[in-house]
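A quick write-up on the structure given underneath.
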Amino acid sequence: MASIKYNNTNGQKGKITYNSDIVSGIVVLSLQETEGIRLVPSKSKGIKLNFEKDGVFVDISVIVCYGYNVPEVAYRIQQTIKQMVESMTHYKIAKVDVHVQSVVFPEAKAENEIAAGAGNGQDAAENAQGEPTDGQN
């Protein structure tokens, strides 16, 4: 674990030390606040941080839920990470790269709609022929 030091330029004595895990935790919190995504199920949660002189370079991999606009979600991720990290740690975010690994489709809802649609189509065909839908003559 690397410690990152922040020197306060307001003339105050002393140093504030941020562990890189703290910054990573702030990134995870900002991702959890973003609607329509899931974290990549891995040890690093799909987060890579590089601390450079220009600022912090963040590399994020996420899974987007079906029905969300991918460019809008990626932009919200970038803005949320930038705002939260800069306000909580005073680090400057130089760049946030967002990689969409996949799209998750709602399985249970889709299966129910398919089953309901097949039943409704069959009933409509039987009613058009004048036959009862419950099997009685």
Side-chain angles (χ1 to χ4, degrees):
M1 288 190 238
S3 294
I4 309 302
K5 295 181 181 171
Y6 171 74
N7 292 325
N8 195 347
T9 59
N10 294 338
Q12 296 177 352
K13 295 182 180 181
K15 294 180 182 177
I16 300 172
T17 304
Y18 296 107
N19 190 309
S20 62
D21 289 341
I22 301 245
V23 177
S24 180
I26 294 169
V27 170
V28 169
L29 284 174
S30 65
L31 290 173
Q32 289 172 345
E33 286 188 8
T34 305
E35 189 177 325
I37 64 165
R38 295 184 187 171
L39 297 176
V40 174
S42 68
K43 186 176 181 179
S44 68
K45 296 185 180 13
I47 299 170
K48 295 178 188 173
L49 301 174
N50 288 329
F51 294 88
E52 304 285 333
K53 289 181 181 179
D54 298 336
V56 181
F57 291 83
V58 183
D59 196 41
I60 303 290
S61 295
V62 295
I63 299 169
V64 177
C65 298
Y66 176 77
Y68 287 88
N69 186 332
V70 175
E72 286 179 12
V73 169
Y75 180 75
R76 278 188 288 153
I77 290 169
Q78 291 171 329
Q79 294 304 309
T80 305
I81 289 173
K82 180 176 174 45
Q83 188 270 328
M84 288 184 76
V85 171
E86 288 181 354
S87 68
M88 291 183 187
T89 64
H90 300 288
Y91 283 125
K92 294 295 177 195
I93 298 294
K95 184 176 176 183
V96 178
D97 290 328
V98 179
H99 304 278
V100 177
Q101 294 294 319
S102 64
V103 175
V104 178
F105 295 95
E107 295 176 19
K109 185 177 178 182
E111 290 174 5
N112 290 339
E113 288 177 358
I114 292 171
N120 289 339
Q122 185 179 11
D123 291 343
E126 288 177 355
N127 285 336
Q129 295 175 356
E131 298 177 2
T133 57
D134 60 359
Q136 297 177 359
N137 290 332

Practice prompt. Report the C-alpha separation of N50 and V56 in whole Å, then their side-chain angles, then the decisive distance to 0.1 Å, and conclude whether the side-chain contact (heavy atoms from CB on, under 4.5 Å) test is met.
Written response: CA-CA 6 Å; N50 288 329; V56 181; over 6 Å; no
Item to complete: Test side-chain contact (heavy atoms from CB on, under 4.5 Å) on F51 and V23 and set out the steps.
Response: CA-CA 10 Å; F51 294 88; V23 177; 4.0 Å; yes
Worksheet item: side-chain contact (heavy atoms from CB on, under 4.5 Å) between D97 and V58: does it pass, once the steps are laid out?
Response: CA-CA 6 Å; D97 290 328; V58 183; over 6 Å; no
Discussion item. One pair to check against side-chain contact (heavy atoms from CB on, under 4.5 Å): V28 and I47. What are the steps and the verdict?
Written reply: CA-CA 8 Å; V28 169; I47 299 170; 3.3 Å; yes
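The distance from atom CG of L31 to atom CZ of R76, rounded to the nearest 0.5 Å, is 12.0 Å. Taking CG of L49 as the start and CD1 of I93 as the end, the distance is 8.0 Å to the nearest 0.5 Å. The distance from atom OG1 of T80 to atom OH of Y75, rounded to the nearest 0.5 Å, is 10.0 Å. Summarising the geometry, atom CD belonging to Q32 is positioned 9.0 Å from atom CD1 belonging to I37; distances are rounded to the nearest 0.5 Å. Atoms OG and NZ, from S61 and K48 in turn, are 6.5 Å apart once rounded to the nearest 0.5 Å. To the nearest 0.5 angstrom, I22 atom CD1 is 10.0 Å from Y91 atom OH.
A continuous path of hydrophobic side-chain contacts links L29 to V73 [ILVMFWY only; heavy atoms under 4.5 Å]. Cluster annotation: I77 is connected to L39 through the hydrophobic network of ILVMFWY side chains, with a link wherever side-chain heavy atoms come within less than 4.5 Å.
Looking at T89, its side chain never comes within 3.5 Å of a backbone N or O of E86 through a donor-acceptor pair. Side chain of S87 to main chain of M84: a donor-acceptor pair is present (N/O by atom type, distance under 3.5 Å, no hydrogens or angles). For the pair Q78 (side chain) and V96 (backbone), a donor-acceptor distance under 3.5 Å is present.
When all heavy atoms of P41 and I63 are compared, the pair lying nearest together is CD-CD1, 4.0 Å. Taking both residues in full, the closest heavy atoms of A94 and F57 are given as CB-CZ, 3.7 Å, listed atom of the first, atom of the second, then distance. Here the closest heavy-atom approach between residue Y66 and residue P106 is recorded as CB-CD, 3.8 Å. In terms of heavy-atom proximity, D21 sits nearest to N19 at N-OD1, 2.9 Å. Closest heavy-atom contact between S30 and I81: OG-CG1, 3.2 Å.
Considering only heavy atoms from C-beta on, H99 comes within 4.5 Å of D59 through its side chain. Inter-residue side-chain proximity for R38 and V104 is flagged as met; some heavy-atom pair is nearer than 4.5 Å.
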